[in-house]
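All remarks here apply to the structure that follows.
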Amino acid sequence: MAETAATLRSVAHNVKAARTRAGLSLDELSRRAQVSKGALVALEKAQGNPNLATLVRLADTLGISVSALMQGPPQGRVRVVAADAVAPLWTGERGGEARLMLTTSGPAPVEVWRWRLEPGEEYPSHPHQAGVVETVSVTSGRMTLVVDGTEHTVDAGQTATFDGDSPHTYRGAGTEACHLIMTVHLPSGPRESGS
């Protein structure tokens, strides 16, 4: 629980700092990100429990990565992260989950995610900002990747990539859980990590 509270405090600080840097009022960020003003106020006070879709909409609107919203102070030149030390940002109704493991630094950051999708379980994603590229590498099991309404089967040992600025869905397929590593390549530009 202490880790969750610390993460929520980091999110609160980073959202407010990014909103201030962007020169956005709570009302304007609410309108652009399609997140209620009440939820934003609570979030900036480190209250509530924002879901993954809300964090993605805020990050896209603010022009930063999801992990930039969540990260605390820098931890040195090498960062090793254990999957069980990171709380899931999404939990499916059948037990699947998504964990944002880390984000690289630099002008074009990359988010690294670990996903588990149970058979038939799915996560529909809103389109991201232009220039975002996603890559999924299935390490075991099988998934169905739906991009712009077209289904693509991705089996263990296969990798798929696509532009993330269109609607897309991840769905577990087959008879066993699908494990995958997803990377989100963010466009280069004047991005700042939350500090």
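Taking the salt bridge (charged side-chain N to carboxylate O under 4.0 Å, His left out) definition, one finds that Lys37 meets it with Asp27, sequence neighbours left out. Every residue two or more places apart in sequence or in another chain that forms a side chain to side chain contact (heavy atoms under 4.5 Å, CB included) with Val133 is listed here: Thr161, Asp163, His185. With sequence neighbours excluded, the residues satisfying side chain to side chain contact (heavy atoms under 4.5 Å, CB included) with Thr61 are Leu29, Arg32, Ala33. For the side chain to side chain contact (heavy atoms under 4.5 Å, CB included) test, residues two or more places apart in sequence or in another chain that qualify with Arg31 are Glu28. Not counting sequence neighbours, the partners of Trp113 by the side chain to side chain donor-acceptor pair (under 3.5 Å) test are Glu111. With sequence neighbours excluded, the residues satisfying salt bridge (charged side-chain N to carboxylate O under 4.0 Å, His left out) with Glu44 are Arg19. With sequence neighbours excluded, the residues that form a side chain to side chain contact (heavy atoms under 4.5 Å, CB included) with Glu118 are Arg94, Arg116, Glu121, Ala177.
Closest of all the heavy-atom pairs between Leu40 and Leu58 is CD2-CD2, 3.5 Å.
Residues Pro127 and Ser166 are not in side-chain contact: their nearest non-hydrogen atoms beyond the backbone lie 4.5 Å or more apart. For the pair Ile181/Arg114, a side-chain contact is recorded, criterion being any heavy-atom separation below 4.5 Å from C-beta on. Here the side chains of Thr175 and Pro119 are not in contact, with every heavy-atom distance at 4.5 Å or above. Contact check for Leu186 versus Val110: no side-chain heavy atoms found under the 4.5 Å cut-off. Residues Leu24 and Leu62 are in side-chain contact: their nearest non-hydrogen atoms beyond the backbone lie under 4.5 Å apart.
Rounding to the nearest 0.5 Å gives a distance of 10.5 Å between OG of Ser36 and CG of Leu26. Here the SG atom belonging to Cys178 is positioned 5.5 Å from the CG atom belonging to Leu117, to the nearest 0.5 angstrom. From Thr54, atom OG1 reaches atom CG of Leu43 across 8.5 Å, with rounding to the nearest 0.5 Å. Atom CD of residue Gln158 and atom CG of residue Leu145 lie 11.5 Å apart, to the nearest 0.5 angstrom.
Judged by distance alone, the side chain of Thr169 and the main-chain N or O of Val146 form no donor-acceptor pair under 3.5 Å.
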Side chain to side chain contact (heavy atoms under 4.5 Å, CB included) evaluation trace for Leu55 with Val11 = CA-CA 9 Å; Leu55 292 174; Val11 170; 4.2 Å; yes
Could you give me the CA-CA distance, side-chain angles and deciding distance for Thr183 and Val136, then say whether side chain to side chain contact (heavy atoms under 4.5 Å, CB included) is met?
-> CA-CA 7 Å; Thr183 59; Val136 292; over 6 Å; no
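For His168 and His152, the gap between ring centers reaches or exceeds 6.0 Å.
Pairs passing the ring pair (Phe, Tyr, Trp, His ring centres under 6.0 Å) check and including a residue from residues 83-112, sequence neighbours excluded, read Trp90-Trp115, Trp90-Tyr123. Residue pairs meeting the salt bridge (Lys or Arg N to Asp or Glu O under 4.0 Å) criterion with at least one member in residues 50-61: none, sequence neighbours excluded.
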Could you pull out every donor-acceptor pair under 3.5 Å between side chains of residues 137-144 and any protein atom, sequence neighbours left out?
residue : atom : partner : partner atom : Å
Ser137  : OG   : Thr159  : OG1          : 2.9
Thr139  : OG1  : His179  : O            : 3.1
Arg142  : NE   : Asp155  : OD1          : 2.5
Arg142  : NH2  : Asp155  : OD1          : 3.2

